[in-house]
Structures are given as C-alpha cells and as structure tokens.
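Whatever order the structure lists them in is the order used to number ligands and atoms, beginning at 1. Counting from 1, the numbers follow the sequence of the chain as shown. Basis for what follows: all heavy atoms, side chains included, without hydrogens, waters or symmetry-related copies.
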Amino acid sequence: MKWELFCRVIDNHGDLGVCWRLASELARRGEQVRLWCDDVRALAWMAPGGQAGVEVLPWQDIAPPGGLGEVVIEAFGCEPPPAVLADIGQADPAPAWINLEYLSAEGYVARCHALPSPVMAGPAAGRTRWFFYPGFTADTGGLLREADLLQRQQSFDVAAWRARHGVAPGTLAVSLFCYEPGALPDLLGQPNVHLLVTPGRAAAAVRALAPTLPVTWLPAVPQPAFDEMLWAADLNFVRGEDSLLRALWAGQPFVWQIYPQDDGAHAEKLQAFLDWLQAPPSLREAHAVWNGLAPGTLPELSPARLAEWQDCVHKARKTLQAQTDLATQLIRFAHEKH
Ligand code: TRH
C-alpha cells in the first residue's frame, strides 16, 4: 500500500525518531511511504543513508502528488494540512486514517486502542479517524520491533565497540541520554564508571558539572548505531519514548527519564510503566530519584543490583517478544480499515 505519514516535531528527537523507525520498517516490509515532516534536520544524522521505499517531503498544504495513499497516519495527533484533509474527504474508497498515539503503559491504552473517532466538521467531515495506541500488552497496538533486530544484536561485537570507545576492561560502561536530571551529580560520583555521553542536552548537563570520571563524548549517530551503544553499555540511561523502547530491546539494565509534562501527568505514566515492568524496589527508587519525583540519591550501582535489574528487563523483553510487533499490527489494521 501507499502510506502518507505526517509528523510534526514538537521538541527533542522522539517525534521524528519514532516516525523514521516506523517509516523505514514499513518500507522494508514492502510498503511505500511518504514521510511529511515540518523539520527533517535530524535525519541528517539519524538516517543519513535514507531508506529505499521512503520518500521524505516537507510539511506543505498540498494534495499529495499522484493521489492520496491508501493509508494516512498522523503521528501523535498532528492533524494533516487542509488540502490533505480535503483529499481524505473525497477519496473513494476512503483511506485508512489513523492517529498513531504516544506510548504509555497506562490502562486507558488498551481501552482506547482501535476506537473510531467520527469526524463531524471540516473538509474530512463524514470520515472516520482511528486511534492506534502502541503498548506493552497484547490488547494494544504493540511495539516497533524490526524483523532483523535479534539477528543484528546477536552478531554485534560488544568487546570491539567498547575497545573502540576507550572503555577499560572492568569498568562499568554507562550510556547517558537524558535531559537535565537533578540526580546527575550522584551518577558522576559513582565509583568505577565510564560514562558514554550522547550529544545535546545530556552532554551540556554533564559538562556543566565538570566530571572527573572517564567520559567518552559521543557524536550524534544513526539510529542503528545508537542501538549498538545501548547493547554495548552495562547500564543505559534513556529518555522520552523511542530510546526507552530501544533500551528494553537491548536487554541491559536501564533507567528511564520520562518526558516531563507541565501538569505532572508523567508521574503516573512512569508508575504504570514500572508496574508493567515489575520493577524491583531499588529500580523503582532509582527511577523516582532520577526523575526528581522523590528525594534521596541514586542507589549504588553494585554488580548484584545491576544483575537484578537486568533479570527484570530480560523477563519483560521475553514477554514482549512473544507479542505481535507494531508494524505487523498496523499493516493488518490499515488493510481492515481501508
Ligand atoms: O529526544 P527525546 O527526548 O524525544 C521526546 C520523546 O519522544 C517524548 O515522548 C516526546 O514528547 C518529546 O520528544 C517531544 O527521546 P526519544 O524518544 O528517545 O528520541 C530520541 C531519538 O533520537 C531516538 O529515535 C534515538 C535517536 N538518536 C539517534 O538516532 N542517535 C543519537 O546519537 C541520539 C543521541 C539519539
């Protein structure tokens, strides 16, 4: 099928990061995707090689050249431009029009997944838009997982990566992709740590604290190389949406800095995720402190503690691997609704 995927970048890299992973995975499965985005600058490092089957276009208020695709996806509730809405209103048959939502482990996700939302006004009046919720349980839209992910991971050389990045044998390699967590000084004070710092906000936050421990300042790398960093580290600090999922697939212990919301809704969202994860108390405590939701300091990163966290991640990953991935579900859903 032909897919029109609309993405607006609000801030940071998750909006485009998720859309690019989805677009390229759909294309690898034989779909044809046009990705319409208002700010594609990050693709220069996230996906410098592009992907056969994905055409990237600037966000513009025009009818899609050559006719509207059979599927229209608006990512995270960004409404397509009026000319596209007019096409949706007129196309016969109507396209499968899908709102791809943010990822959450909260209970409303399963309740709202795949619900219709009839459009009452505007150029697409009379059409139906469908909610598609990614999620961690079988009654949701599932999670993005490339068909070749496991194979790529199995053939990856962890030791070579660590040597290339100057990680001395016996040190704890900790990757850092975060905003500005108040508990960052705690992490910098942990013994025997080698920090792998991603560029942007994480690097600025670390630089401001003048760390004394060994640090590798990483460049911005393509998504597959970002995944490799997560596979190579002993502990991953991730943030937002896409890197959380990648940390889960990596199977290494991780601590997630959730995207903070003004109304504080992120606290409940984090809780729901930790409940789903069946996180042990020390991992919950680390999340509370790292997200500024509880006073205190990060627990010591001892080998026994990291082994406990890893065990928890492995169990969760195994459950997820038995579920149908998002691209498979989305293709099925689009066929059904077209
Ligand atoms: O950048 P983020 O904080 O994005 C956030 C979240 O998506 C959040 O839910 C959303 O509301 C907000 O943006 C607007 O974190 P996230 O989601 O992990 O996205 C980062 C992307 O950047 C991810 O696809 C991985 C990619 N990346 C690389 O490909 N290479 C790199 O070197 C780095 C540092 C990141």
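For the pair W45 and ligand 1, the shortest N or O to N or O distance does not fall below 3.5 Å. Inclusion of P222 in the set of residues having an N or O under 3.5 Å from an N or O of ligand 1 is not warranted.
The protein heavy-atom contact nearest to atom 2 (P) of ligand 1 is R239 NE, 3.4 Å. Looking at atom 24 (O) of ligand 1, its nearest protein heavy atom turns out to be D242 OD2, 2.6 Å. Among all protein heavy atoms, the one lying closest to atom 33 (C) of ligand 1 is F226 CD1, 3.5 Å. Of all protein heavy atoms, the one lying nearest to atom 32 (O) of ligand 1 is V221 N, 2.9 Å. In terms of protein heavy-atom proximity, atom 4 (O) of ligand 1 is nearest to G14 N, 2.9 Å.
Salt bridge R162/D234: present, at least one basic N to carboxylate O contact under 4.0 Å. Salt-bridge formation is not detected for the pair E336/R332: no Lys NZ or Arg NE/NH1/NH2 atom is positioned less than 4.0 Å from an Asp or Glu carboxylate oxygen. Using a cutoff of 4.0 Å between basic side-chain nitrogens and carboxylate oxygens, E308 and R305 are not scored as salt-bridged.
The option with the heavy atom closest to atom 14 (C) of ligand 1, from among N12, D11, L43, is D11. Relative to atom 9 (O) of ligand 1, the option among H266, E241, Q257 with the closest non-hydrogen atom is E241. The heavy atom nearest to atom 1 (O) of ligand 1, out of those in H13, M46, Q223, is found in H13.
Near Y179, meaning under 4.0 Å from one of its heavy atoms, ligand 1 places the atoms 2 (P), 3 (O), 5 (C). Below 4.0 Å from some heavy atom of A220 lie the following atoms of ligand 1, by number and element: 32 (O). Less than 4.0 angstrom separates some heavy atom of D15 from each of these atoms of ligand 1: 14 (C).
For the 3.5 Å distance criterion, the side chains of Q60 and W36 fail to qualify, holding no donor opposite an acceptor. When only modelled atom types and interatomic distance are considered, Q190 and N192 share no side-chain donor-acceptor pair under 3.5 Å.
In this structure, H13 has no side chain to side chain donor-acceptor pair (under 3.5 Å) partners at least two apart in sequence or on a different chain.
Under a cutoff of 6.0 Å and an axis angle of 45°, R239 and F177 form a cation-pi pair. In this structure, R152 forms no cation-pi arrangement with W231, as its terminal cationic atom is not both closer than 6.0 Å to the ring centre and no more than 45° off the ring axis.
Residue contacts with ligand 1 for Y102 involve side-chain atoms from C-beta outward but no N, CA, C or O (heavy atoms, distance under 4.0 Å).
Environment of CG in D262: sparse, with no more than 12 heavy atoms of neighbouring residues, nucleotides or ligands closer than 6.0 Å.
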